[in-house]
2 protein chains.
Amino acid sequence: MAPRRDVIADDLRTQISTGRIKTGERLPSEAQLASHYAVSTPTLRSALAVLQGEGLVEKIHGKGNFVRHPLRRITYVGGGRTPLSQTATDPALRMTIRTAHIPARGHLAALLRVSKSSPLTEFLCLSHEGNSPHSLARIYVPRDLAPADGPSESPCREAILVRLTELRPPLAEVREQVSARCPTPEEAATLRISSALPVLAITRVAADTTGRVVEAALLVLPGDRADALFTHHTMTEEGEPE
Amino acid sequence: MAPRRDVIADDLRTQISTGRIKTGERLPSEAQLASHYAVSTPTLRSALAVLQGEGLVEKIHGKGNFVRHPLRRITYVGGGRTPLSQTATDPALRMTIRTAHIPARGHLAALLRVSKSSPLTEFLCLSHEGNSPHSLARIYVPRDLAPADGPSESPCREAILVRLTELRPPLAEVREQVSARCPTPEEAATLRISSALPVLAITRVAADTTGRVVEAALLVLPGDRADALFTHHTMTEEGEPE
DNA sequence: GAGTGGTCTAGACCACGAG
DNA sequence: TCGTGGTCTAGACCACTCA
């Protein structure tokens, strides 16, 4: 005999996938659902927790439980040609970028192989589809390689990143370390995902032909709406993939 | 004011990390802990759930809650040179392999680009450190490329995989699709992880110079004990990394 | 202030593991 | 059989959102 929690979760999942509860719509209140299924509130809440873990439902305190928009799955393409490869593939994504000038702190200094408190430029990129945040990227470059831009708030979309790519010297090596983990509370808040939803965390370090690190990027992609793809060509004379 | 759940989780986490509760040891029973912290059992259980989500504690029904051994983090190295790159780096890992002959079903047939029910050999690899499973790999190759081995149960460790690597033609392209997700119930059971712990799921497809797919692998790496590393070299004449 | 989710309680009963 | 965790109840009280 299956736990009531799972029975209820299954039922709601079916109602969502068959469209009986429409996407973006609010579910009945937890109290209503609990009495409808004749269970107590904790039981009902644990059923909802299952759906949250699957990324199907989003709870908003004081407002209710909402069916999440099934977002287009994006694919991050490894190899470091562009700062956020997915923007190239999917023009429907909007992107907001915040620029800041900061000194290299402990972890970053090590990644970029620069001395502590040496000047960096940080690009905080958040891509959206509609109102739903889609991915988060923090890109750090030594300040002398960054576009000398105006103050810290620039609305000019991807132009910055394009310029960033043009400015930097040809890359010799791109290392991407990938891990699966739960988001930090801040990441969960910015991406508006449950803190139980796995994210793909990618740390990308790109070095030029002299061995100098020209970029370090910390990427966070919600597991339910993003993959990463790495293609490795052997025996090919510099065969440009894509 | 922080939730009691988090206060308790913090306290237990401290006790674990300072060694006051030793690794591998059993925690006091939930009832004892609940009365010690003066909370109800559901509250205490939700505190333990936090620690399970962090991979610090493992519950075993009917036995108790145990502090997990902090396993060596392994690194999967992309590029597809060896079937499970981490074995090369870490000789302390044991590995059990089960071989089976199966027909290509829907998903696999597509991955390997073979017709349905064409013969495949499946290698089911489970790597261990001590008693703790470390990673799970299901490797599929067309049967004519597989080592013609004996019956379905062969204990001869990595020899099979080595032979597998030697047998296959030189690779031209390796595509690795990486995603972060929660494990399926079966995966959670074999890897003995909580079903809330994120895993890194890697689908690797390797093709030879003629474009024939010679291997498809489904890798599952628990997020708390494995990363993946992809290195991309540009402008280098076939510079063999590693 | 009305309605929503967030947390917590004190106890019940069931299912699993080991002796 | 006994001790363990697994599930569930019927409420209580607090915190957030919005009119």
Side-chain angles (χ1 to χ4, degrees), chain A residues 1-12 16 21 24-68 131 185 188-189 192-197, chain B residues 1-12 16 21 24-68 131 182 185 188-190 192-197:
Chain A
M1 165 190 161
R4 325 260 287 234
R5 173 196 40 202
D6 296 330
V7 177
I8 297 173
D10 287 349
D11 186 56
L12 288 172
I16 290 171
I21 306 180
E25 203 169 294
R26 216 205 75 184
L27 298 180
S29 79
E30 299 188 347
Q32 286 175 315
L33 286 172
S35 73
H36 175 264
Y37 288 110
V39 294
S40 66
T41 31
T43 304
L44 185 104
R45 284 169 57 74
S46 75
L48 289 177
V50 173
L51 300 177
Q52 282 174 74
E54 296 168 6
L56 281 174
V57 165
E58 177 180 1
K59 308 188 82 117
I60 305 182
H61 192 152
K63 296 180 74 174
N65 292 279
F66 295 83
V67 180
R68 283 226 309 198
N131 288 321
R192 298 210 298 146
I193 55 178
S194 135
S195 59
L197 250 175
Chain B
M1 164 190 160
R4 326 260 288 234
R5 172 198 39 204
D6 296 330
V7 177
I8 297 173
D10 288 348
D11 185 57
L12 288 171
I16 290 171
I21 307 180
E25 204 169 294
R26 215 206 76 182
L27 297 181
S29 79
E30 300 189 347
Q32 286 174 317
L33 287 171
S35 74
H36 174 266
Y37 288 110
V39 294
S40 66
T41 31
T43 304
L44 184 105
R45 283 170 57 74
S46 75
L48 289 177
V50 173
L51 300 177
Q52 281 174 76
E54 295 168 6
L56 281 174
V57 164
E58 176 181 3
K59 307 190 83 116
I60 305 181
H61 192 152
K63 296 181 73 173
N65 292 278
F66 296 82
V67 180
R68 282 226 309 198
N131 288 321
C182 288
T190 24
R192 297 210 298 146
I193 55 178
S194 133
S195 58
L197 249 175

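Note: hydrogens, waters and symmetry copies are ignored here, and every other heavy atom, side chains too, is used.
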Subject >> Atom-to-atom span, CZ of B:F66 to C1' of C:dG17 - whole angstrom >> reply: 10 Å

Subject >> Residue pair A:L44 / A:E30: nearest heavy atoms and the distance that separates them >> reply: CD2-O, 3.6 Å

Subject >> Closest-nucleotide 5' rank along DNA chain D - winner of A:R4 and B:P28 >> reply: B:P28

**OP:** Measure across B:A196 and B:C182 and return the closest heavy-atom pair with its distance rounded to 0.1 Å.
**Re:** O-SG, 4.3 Å

Original post:
Any idea which heavy atoms bring A:A9 and A:A47 closest together, and the distance?
Top reply: CB-O, 3.9 Å

Original post:
Does C:dT7 have OP1 or OP2 sitting under 4.0 Å from an N or O in the side chain of B:R5?
Top reply: yes

Original post:
What string of B, S and - do you get for nucleotides 11-19 of chain D, 5' to 3', if B is base contact, S is sugar-phosphate-only contact and - is no contact with any protein heavy atom under 4.0 Å?
Top reply: B---BBSS-

**OP:** For B:A38, report the nucleic acid contact type (base, sugar-phosphate, nothing); a contact means any heavy atom under 4.0 Å.
**Re:** sugar-phosphate

**OP:** Round to the nearest Å and state the distance from B:E58 atom CD to D:dT4 atom P.
**Re:** 18 Å

**OP:** Using side-chain contact (heavy atoms from CB on, under 4.5 Å) as the criterion, point out the one residue from A:L33, A:L51, A:L12, A:V57 that pairs with A:N65.
**Re:** A:V57

Original post:
Could you state the CG-C1' distance from A:L27 to C:dG5, rounded to the nearest angstrom?
Top reply: 13 Å

Original post:
Between B:L56 and B:V67, does a side chain to side chain contact (heavy atoms under 4.5 Å, CB included) hold up when you go through it step by step?
Top reply: CA-CA 6 Å; B:L56 281 174; B:V67 180; 5.9 Å; no

Original post:
Which whole-number value in Å describes the distance from A:L44 CG to C:dG5 P?
Top reply: 9 Å

Subject >> Candidates B:R192, B:R68, B:K63, B:R26 - the one meeting salt bridge (Lys or Arg N to Asp or Glu O under 4.0 Å) with B:E58 >> reply: B:R192

Original post:
How long is the line joining CG of B:D6 and C1' of C:dG6, in whole Å?
Top reply: 12 Å

Original post:
Does the side chain of A:T43 pick up a donor-acceptor pair with the side chain of A:S46 at under 3.5 Å?
Top reply: no

Original post:
Taking only side-chain nitrogens and oxygens of A:N65, does any of them come within less than 4.0 Å of OP1 or OP2 of C:dT4?
Top reply: no

**OP:** Assign B:R45 to base, sugar-phosphate, or nothing according to its heavy-atom contacts below 4.0 angstrom with the strands shown.
**Re:** base

Original post:
What's the CD-P distance between B:E30 and D:dG3, to the nearest Å?
Top reply: 16 Å

